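The structure appears right after this line, and notes come after that.
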Amino acid sequence: MTLAFAFLVGFLNGARTFLAIALVAWSAAFGWLDVGGTALSWLAAPAPAAVLTLLALGELYGDKQPQARNRTISYALAGAWARLFLSGL
């Protein structure tokens, strides 16, 4: 189960920045993911999960706007790799 969840989070992290961390936050808030005693224990409260969900929705809205920049330019790809690395920690 944990391996499947890790795969899902990694897959979602490739699509959106805040979607994967919002998923982790909601999983911790509902008790599906035990983050107690870790650096991510603050995610177990519903408030961070709600804020991260709003950020994910804002990101999705911003990406759908016609003036949104291409995500395949060099600094956008570097940011995506940094997020991927941090999600794996």
Side-chain angles (χ1 to χ4, degrees):
M1 178 64 178
T2 304
L3 185 60
F5 183 70
F7 178 77
L8 178 65
V9 168
F11 180 76
L12 290 174
N13 194 34
R16 301 276 174 233
T17 303
F18 289 106
L19 185 58
I21 192 68
L23 176 66
V24 171
W26 280 114
S27 298
F30 285 129
W32 300 334
L33 185 65
D34 183 23
V35 292
T38 68
L40 297 177
S41 61
W42 60 275
L43 288 176
V51 169
L52 288 166
T53 300
L54 290 175
L55 288 171
L57 291 172
E59 178 188 22
L60 178 63
Y61 175 76
D63 283 347
K64 299 299 179 185
Q65 298 304 306
Q67 64 270 24
R69 293 187 177 164
N70 191 349
R71 298 187 109 193
T72 57
I73 52 180
S74 60
Y75 61 86
L77 286 176
W81 280 100
R83 286 190 327 267
L84 183 64
F85 173 74
L86 290 173
S87 294
L89 291 179

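Small disclaimer: the values here were computed from a predicted structure and weren't measured.
Considering every non-hydrogen atom in both Leu52 and Ala25, the closest pair reads CD1-CB, 3.9 Å. Of all heavy-atom pairs spanning Ala44 and Val35, the tightest one is CB-CG2, 4.1 Å.
Note on Val51 and Leu33: same hydrophobic cluster, where clusters join Ile, Leu, Val, Met, Phe, Trp and Tyr whose side-chain heavy atoms are under 4.5 Å apart, directly or indirectly.
One distance of note links CG of Leu55 with CG of Leu60; it measures 12.5 Å at 0.5 Å rounding.
For the side chain to side chain donor-acceptor pair (under 3.5 Å) condition, no pair includes a residue of residues 28-42, sequence neighbours left out.
For Leu54, there are no side chain to side chain contact (heavy atoms under 4.5 Å, CB included) partners two or more places apart in sequence or in a different chain.
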